[in-house]
Structures are given as C-alpha cells and as structure tokens.
Protein chains: 2
Amino acid sequence: MIKGEDAPKRREHGLDRAMDLMEALRRAREPMRPNELATLLGAPRSSVHEMVGRMLALGLLDAADGDGRVFLGRKLYLFGIAYLESSRGLRLAEAALERITAETRELSQFCALDGNRYVVLRQRESARPFRISADTGQPIPIPQTASGRLLVSDLGDDEIRALIPPEDFRTPAGAPIDPDGFIAEVRAARQAGVFSFDSMADTFTHCFAVPVEDASGRVAATLCIVAPIDDANANRDAYVACLKAAAEPLHGRI
Amino acid sequence: MIKGEDAPKRREHGLDRAMDLMEALRRAREPMRPNELATLLGAPRSSVHEMVGRMLALGLLDAADGDGRVFLGRKLYLFGIAYLESSRGLRLAEAALERITAETRELSQFCALDGNRYVVLRQRESARPFRISADTGQPIPIPQTASGRLLVSDLGDDEIRALIPPEDFRTPAGAPIDPDGFIAEVRAARQAGVFSFDSMADTFTHCFAVPVEDASGRVAATLCIVAPIDDANANRDAYVACLKAAAEPLHGRI
DNA sequence: AGGTATTGTCCGCTATAACGGACATGTGTA
DNA sequence: TACACATGTCCGTTATAGCGGACAATACCT
C-alpha cells in the first residue's frame, strides 16, 4: 500500500487534474489564469491549458473578465442546486436550523468536514439587529472550530494528527494551538456530546456544537449555535438542550 | 469540421464521461445504480463502474442509501456555493430580484440557458399568501417559457431549430407548439424588449420577461415576473417598466 | 529599442485509461 | 431446484490523453 518515495514521472489522471483545478479556484476565491494554475499546482502548462479548454467547453469553468482568467462554471452551480434539492440530509438539517433559530433567535449552522477542513454547509441567520454571519462553504482549519472537536472524534490520535495539516494548528490570528490539548478537547467533547468555546474568529461570540451521527454511529456532521458571549453565558443550558433536541431526529439519517 | 457519420468506435474522454454521468443524475433527480447509468448513456459498464468509483473517491458523487445507488456529491454543492458567492452576475441579479419583488410583491426570477434548455438561476419569492413558486435549476424546454423567446433571439432561424430538440416543441400538457410561430414570437420579443404570456405550467399565472444583455449586446439572461393573471392584467405597464428598470444596471455586467 | 519574462499554441512520444469480454455473485421467477 | 437476468469485478488490448519541449506572441522592464 505504501508507494515509493521517488515519484517516477507520475502521469495524472484527467479527472484528478480537473478536480485539482476546481479546488484551487475554490480556495483562491477569484479567477485565475491557466498558467497561474499550472504553477500553483506544479502541473505541466500544456496539460492545464488543454484541460481548461475542455472544462470551459463543458461549462465546468467559465471565462471571467476579458482576459484569459477562468473561474468555476455555471454547471457547477446547477449541480449544486440539484444536490441541495435532493439531499435528504440537507433537508432535515434545514428544518433543524429553522427550529433552533426560531427557538433561540441565534445564528445556527450545519457543518461537516470537507477533506481535512471544516465547512459550514447551511446556516440560518438570526433576526437580530446585529447580525452575526459567516461564509458558507469556505474551508476553515479544523482546530479553529468548536465543531472540529466533534467531527474528528471517531479517529484515533494518530489519525487526527495525520489528517490535520500542521499549519492548521493555529488560530486565525496566528497563535499556535497545541495538538495534545486539541485532542484532549476532542475526547472530552465526544464524551459530553457537546463542545463550546469563545470563537477564535472574533472576540464577541461563543460557539456551541453538538454531533449528528450517521447510521453507524460516527459523527457525520454537527449542529451549532453562534451567539454573542453574553447571551451564551445567560442561556448555556437552554442552548445546549435545544441543539441536542434538534439533532435527535437527524441521527442515522444523514 | 463535419465528422463521418459512421462512428467508428469512438473512445470517450474520461471528463466527458464524468460530465455525462453527472448530467444524467441531475436530470433523473434521484440516485441511480452504475448499471442503470451505463445503459441509460449507452456506455460500457466497466468504464462506468470505474468512473463512478473514482468520482465517489473525489466526492463528485456520493453513495445514496445502503445499496449501490449514487447521486451528485457534496463537492459539487461546495463548488456551487463558491460559484454563487463569486459570480458578479448573480450578485447583481440578486439585487435586481430584491428590488423587483419589493416593488411589485410578485415572484421574480433570473433565468438563462443551460445548453438547449431554460433554467431559473435565482428567484425571489413574494410574501403573498398564495405563494407561486418553481424549481430553481430544473431544465425546462425553451418554447414553454416566456424567457425562452428572448434567450434564443440572437440566433438565426436555422440555429434556433438546430438548438431546440423537436420534442421540446410541446406544452407541458403535450400539445404541440408551432416552431414558426415560436420564431415569430422570438423576433417580436427582441424587438419589443419584453415578452409575456399566460404560463404554460398552470392556468392562473402570467409571465413577463425582459432581456439582460452581455457586453457584446447579446441576450445572456432574463429577468422575469410570475404573477397571478388578474394582477398581471391590472399592472402590466408597471410590471414591464419595473423589469426594464431593474435590468438596466445589469447590461454589460453579466 | 533591446532584452527578459510570461503566456498561449503546436506536435510527437508513450504511459495509461477506456474499452470489451469473461467471470463471479446475487436475485427473482418458473 | 433450475433457469434467466441483472449487477459487480477482473484483465488484456489498444486508442489516446497527458506530458515535455519547442515555438510564437505579447507584456514589462531597463
């Protein structure tokens, strides 16, 4: 199973290359030139040019601006809509979020892992005057999130260390996060069925997260509340109870 | 440019095959087995099996249910979100829809072509008690829609006939639509800068559509209002004026 | 203007991915 | 039970897609 160290001229499969291109554009969050993509990925320029051309023809990429820059295409948006409308998990989650925000008046989120990063799949914004919001779908280092403690809790210590890139053990501000302490929090969170802490993204919010289990009992997603710190302190028990109650009908149905 | 008629054992490129699979699943709107997909597409079973396996590993497809059925994967949803958040056209359209529905209290839509079909890309629902809604992203035969008259209006007569499949010249109920009459409506709609008719999808709504032009002056999308027939009759001029005003800032920016 | 760097295009080579067909397994029916 | 059919897996063959490198065109400095 272990491959040789000296990569002896691997020739990449087209689909993998296409995937790399789309992921690179998603991370960049802005259009790029074929050559930029090639250098960023360390891929042959000619291959990237040909692949970009083919993806443009299919609508997987769209031409941006006047020059040669490209970005994710409209086809991907249409596929995304189809996924959204046909995913039982997301439909159930939507109902759960509605219920949570209706009851608590706080921002609620449905989150999962995307590879080795955390992402918000759906969120329900509160009707508060000062609205707390976040970017849906944006990959975030796992250790920076409350949900992250739960989403990796089915893995062993070594698996967790192998999954999370070392550079992700840092706060948004750049301060290091201790892997041992993180893993300790992971174990405690899974045990308690909840994790909460003051957000690392700002200084005025507190995040609660509870697990949503799949049919085999593994943590497949989380439900979260992001609340102003004062609210969080005042309503901690009610918020946690609300989250757990909302997660109940989702277990085994994700 | 013209290929030989007798397809002499064409071997399909992997990316095209993957695209065919995803499109088939999108049209089916439900999970399918690899074999179903193979027979539906007329593709080799072994190739489809291998491709499905690779796409599952990449997250482009997800396993559905317990058995071997697959559907569009979460990755596609995440790409769709990235497109949505980075598309200037959709952002502008969102603002236009908000304005239209705020002013008219009617359902407004932003539409475009997806290949040879019409799709709703974004919509803004009215706050009416009897809400009129439609499925976003679902491909619909061009002749069944008011927007369709505008979206093909940059093509010549022959190009229009070549683009639209013969079976699409039918109402949802199955009644035939005359291609010549359709093309006449196309020309009149482009001339007037608006098209409206009673919806073919039901018996109680009326649809208005105005074009949104790209930088080269071609119709790249449409803005629409779907209203109860009585409202449409009572407010025709105001609705058309509202649509044209909302479309104005979008021209050349799509 | 001259020179350097960057980007897009073209083309032959070859590793390999799509294919076809055989095999194995499971499922429903007579 | 036996048969027919559908589905997943494996493997050798061969068309071809990804690669590397050369070339051309353009932009950006000095």
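Letters A, B, ... mirror the listed sequences (proteins, then strands); counts begin at 1.
- Within residues 20-40 of chain A, the residues that have a heavy atom under 4.0 Å from DNA chain C are, in order of number, A:Arg33, A:Pro34, A:Asn35.
- Annotation: side chain to side chain donor-acceptor pair (under 3.5 Å) contacts of B:Asp214 (sequence neighbours excluded): B:Ser216.
- In this structure, B:Glu159 has no side chain to side chain donor-acceptor pair (under 3.5 Å) partners at least two apart in sequence or on a different chain.
- Looking at residues two or more places apart in sequence or on another chain, you find a salt bridge (Lys or Arg N to Asp or Glu O under 4.0 Å) between A:Glu94 and A:Arg122.
- Overall, the helix from C:dA1-D:dT30 to C:dA30-D:dT1 carries an axis bend of 40° between its ends, with five pairs at each end and the value rounded to 10°.
- Scored by the salt bridge (Lys or Arg N to Asp or Glu O under 4.0 Å) test, A:Asp20 finds no partners at all (sequence neighbours excluded).
- By the salt bridge (Lys or Arg N to Asp or Glu O under 4.0 Å) test, B:Arg91 is found to be paired with no residue, residues two or more places apart in sequence or in another chain being considered.
- The stretch residues 46-56 of chain B comes close to DNA chain D through B:Ser46, B:His49, each having a heavy atom under 4.0 Å from the strand.
- Considering only residues two or more places apart in sequence or on other chains, B:Arg17 meets the salt bridge (Lys or Arg N to Asp or Glu O under 4.0 Å) condition with none of them.
- Screening residues 52-61 of chain B for salt bridge (Lys or Arg N to Asp or Glu O under 4.0 Å), with sequence neighbours left out, gives B:Glu50-B:Arg54.
- By the side chain to side chain donor-acceptor pair (under 3.5 Å) test, A:Glu213 is found to be paired with A:Arg190, residues two or more places apart in sequence or in another chain being considered.
- The side chain to side chain donor-acceptor pair (under 3.5 Å) search around A:Arg161 returns A:Asp180, not counting sequence neighbours.
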